2 protein chains.
Amino acid sequence: MTARPKVRPGKRTNDPEGLRKRVLDVAEASFQARGYHASSLGDLMAAAGVTGGALHHHFPTKKALALAVIEERVAAAVETTWIAPVQAAGSTREGVRSVFEAVAAELEQQGFVRGCPLNNLAHELSLADPDFRTALAGIFSAWRQAIADKVRADQQAGREQDTDPQRFAALAVATYSGAMSMAKTTQDSAVLRDCLNALEQGVSSARAKRRRRVLRQYKAF
Amino acid sequence: MTARPKVRPGKRTNDPEGLRKRVLDVAEASFQARGYHASSLGDLMAAAGVTGGALHHHFPTKKALALAVIEERVAAAVETTWIAPVQAAGSTREGVRSVFEAVAAELEQQGFVRGCPLNNLAHELSLADPDFRTALAGIFSAWRQAIADKVRADQQAGREQDTDPQRFAALAVATYSGAMSMAKTTQDSAVLRDCLNALEQGVSSARAKRRRRVLRQYKAF
DNA sequence: TTATAAACAGACCGGTTGTCCTGTTTTGTT
DNA sequence: AACAAAACAGGACAACCGGTCTGTTTATAA
């Protein structure tokens with residue numbers, strides 16, 4: 001009954017990569033759901049099944065852990081859900097539309113809106129620490145760059161001639177970010193579709209109307 | 001040198017409204033700059049020059065204080081910087097443009113981007129507590145409603161016939177929210193102007209281009 | 001005046017937080 | 001086998017947090 005050793009010696013197996021991954025998994029989820037300051041290392045350790053010593057060995061401070069989450073997980077999330085689909089799409093507009101719809105569909109089926117990982121941390125940490133801010137700004141930059149590059153690719157194919165690549169990229173990212181912010185607050189993904197529709201209608205109405213006009217003129221002849 | 005009484009009796013003057021206002025001022029600023037969880041009541045008490053007893057008398061819990069900040073200050077900020085200017089503008093587009101430019105100009109002159117008060121708290125607190133979420137969602141709703149109403153007013157004046165009021169309102173709020181998020185992260189207000197230009201170009205390009213075309217045709221003759 | 005409640009002061013407390021430290025076990029190298 | 005370094009265990013700790021409590025002062029009303 002006294003001083004029972006919890007772990008009998010000879011049973012431990014070192015797995016630094018696996019342990020690190022487990023900690024990052026838990027931290028990413030907790031930062032996303034509760035935020036950085038509301039996530040205690042104690043909670044993370046319990047959730048990951050990791051002792052204080054192990055955690056400290058891989059991530060000396062809480063800041064180091066958050067920086068790793070940002071650079072390895074948040075950046076990857078933006079890459080997966082936005083950059084890759086846009087690059088793979090037939091056009092910028094198609095790519096943007098597909099992302100909005102994919103995210104909206106995903107939120108609707110899971111019935112819960114956690115918000116955008118990047119924006120969540122950006123709001124909480126941008127002013128808290130310069131290192132956080134720099135890391136987050138880099139992800140925003142890559143995100144915008146990918147969209148702007150896609151617009152330029154469209155332009156070389158003869159499309160989107162009167163679209164400013166950088167401005168459109170900023171608009172797309174801002175619209176998505178803001179829409180996710182509202183979706184998170186209202187816990188309703190409908191605003192995502194509203195924004196997508198308004199974005200598409202407004203942005204492509206010039207072409208659509210000109211085409212319609214041309215058709216009418218042809219008919220008139 | 002021993003036990004100097006800090007406050008000699010007979011000098012105190014009760015000023016509940018003033019004290020409450022001071023606390024809200026400090027809390028609003030701190031929540032905006034550092035966030036809710038990163039703002040300790042001790043810091044707020046020191047900054048406001050208020051004792052624990054006084055703070056507790058006006059705001060029993062930290063949550064109650066935050067709720068008061070949201071309902072009284074954040075809502076008022078949205079009203080002042082967005083709703084009133086839009087309602088006073090000659091048209092929805094003019095109102096939106098004027099707000100974007102006013103905010104961008106203000107940020108540029110103060111050389112520092114604190115972000116949108118509503119979005120800052122929305123990201124941190126929406127999932128933390130249902131009461132927070134409800135209060136914040138209400139402000140978003142009023143914000144969108146004001147813009148949608150303005151579009152409807154435009155429509156009754158014969159303008160904006162092919163604009164969906166609710167969708168445009170969602171787009172305007174989302175664009176601003178997302179642009180401010182990026183501006184905060186990059187500490188650069190330029191993205192605000194990018195987004196405004198992209199929004200205006202896309203949304204009004206139909207009309208603008210048609211007009212330019214007409215002018216060129218007149219010149220040709 | 002006197003009673004009564006509001007407004008405020010200031011200490012106090014249990015719990016939590018992030019970090020550090022010492023020791024033990026495992027792994028890799030020679 | 002011998003050794004060093006990495007990987008991990010687990011406790012300790014000082015600082016801090018939010019909330020509570022008791023007591024005193026001020027304002028209000030009878």
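A, B, ... follow the sequence lines: proteins, then strands. Residue 1 opens every chain. Note that the structure is predicted; figures quoted are calculated from it, not measured. These values consider heavy atoms only, across backbone and side chains, with no hydrogens, waters or symmetry-generated copies.
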Quiz item: Do the side chain of B:Ser141 and the main chain of B:Ala137 share a donor and acceptor less than 3.5 angstrom apart?
Solution: no
Quiz item: Are B:Lys184 and B:Asn119 linked by a side-chain donor-acceptor pair shorter than 3.5 Å?
Solution: no
Practice problem: Select one nucleotide: of C:dT19, D:dC8, D:dT26, the one nearest the side-chain heavy atoms of A:Thr61. | Solution: C:dT19
Quiz item: Which nucleotide sits closest to the side chain of A:Leu41: C:dC8, C:dT19, D:dC8?
Solution: C:dT19
Practice problem: Provide, to the nearest angstrom, the distance between the CZ atom belonging to A:Arg20 and the P atom belonging to D:dC8. | Solution: 12 Å
Exercise. Give one of base, sugar-phosphate or nothing for A:His58, where a contact means two heavy atoms less than 4.0 Å apart.
Key: sugar-phosphate
Contacts table for residues 62-70 of chain A: side-chain donor-acceptor under 3.5 angstrom, sequence neighbours left out:
from	atom 1	to	atom 2	distance (Å)
A:Lys62	NZ	A:Tyr36	O	3.0
A:Lys62	NZ	A:Ser39	O	2.8
A:Lys63	NZ	A:Asp129	OD1	3.4
A:Lys63	NZ	A:Asp129	OD2	3.1
A:Lys63	NZ	A:Asp131	OD2	2.7

Exercise. For A:Lys62 and C:dC20, give me the distance from atom NZ to atom P, rounded to whole Å.
Key: 15 Å
Practice problem: State, without any angle test, whether B:His123 and A:His123 hold a side-chain donor-acceptor pair at a distance under 3.5 Å. | Solution: yes
Practice problem: Take the protein atom CE of A:Met45 and the nucleotide atom C1' of C:dT16, then report the distance between them rounded to whole Å. | Solution: 13 Å
Quiz item: Mind checking whether A:Phe100 and A:Trp82 have parallel, tilted or perpendicular rings, split at 30° and 60°?
Solution: perpendicular
Exercise. Using only side-chain N and O atoms of A:His57, determine if any of them is under 4.0 Å from OP1 or OP2 of D:dA7.
Key: yes
Quiz item: Once you round it to whole Å, what is the distance between P of C:dC21 and NE2 of A:His56?
Solution: 8 Å
Quiz item: What is the distance, rounded to the nearest whole Å, between atom CZ of A:Phe59 and atom C1' of D:dA7?
Solution: 14 Å
Exercise. Starting at atom CG of A:Leu55, determine the distance to atom P of C:dC20, rounded to an integer number of angstrom.
Key: 12 Å
Practice problem: Name the closest nucleotide to the A:Asp43 side chain, picking from C:dA9, D:dA9, C:dT17. | Solution: C:dT17
Quiz item: What nucleotide among C:dC8, D:dA7, D:dA27 has an atom nearest to a side-chain atom of A:Pro16?
Solution: D:dA7
Exercise. Test for a donor-acceptor pair under 3.5 Å between the base of D:dT26 and the side chain of B:Arg12, counting only N and O atoms.
Key: no
Quiz item: Which listed nucleotide (C:dC20, D:dC8, D:dT26) is nearest to the side chain of B:Asn14?
Solution: D:dT26
Quiz prompt | Electrostatic pair B:Asp25:B:Arg22 at N-O distance under 4.0 angstrom | solution = no
If you restrict it to nitrogen or oxygen atoms, what contacts under 3.5 Å exist between nucleotides 14-16 of chain D and the protein, and what is each distance?
none

Quiz item: If only atom types and distance count, is the side chain of B:Gln187 paired as donor or acceptor with the main-chain N or O of B:Val113 below 3.5 Å?
Solution: yes
Quiz prompt | Residue pair B:Thr186 / A:Arg144, side-chain donor-acceptor N/O under 3.5 Å | solution = no
Quiz item: Nearest to the side chain of B:Leu19, which nucleotide is it out of C:dC8, D:dG19, D:dA7?
Solution: C:dC8
Self-check item: Rounded interatomic separation in angstrom, taking OH from A:Tyr36 and P from C:dT17
Solution: 13 Å
Quiz item: Once you round it to whole Å, what is the distance between C1' of D:dA27 and CD of B:Glu17?
Solution: 13 Å
Quiz item: From the list D:dC8, D:dT25, C:dG10, which nucleotide is the closest neighbour of the side chain of A:Ala54?
Solution: D:dC8
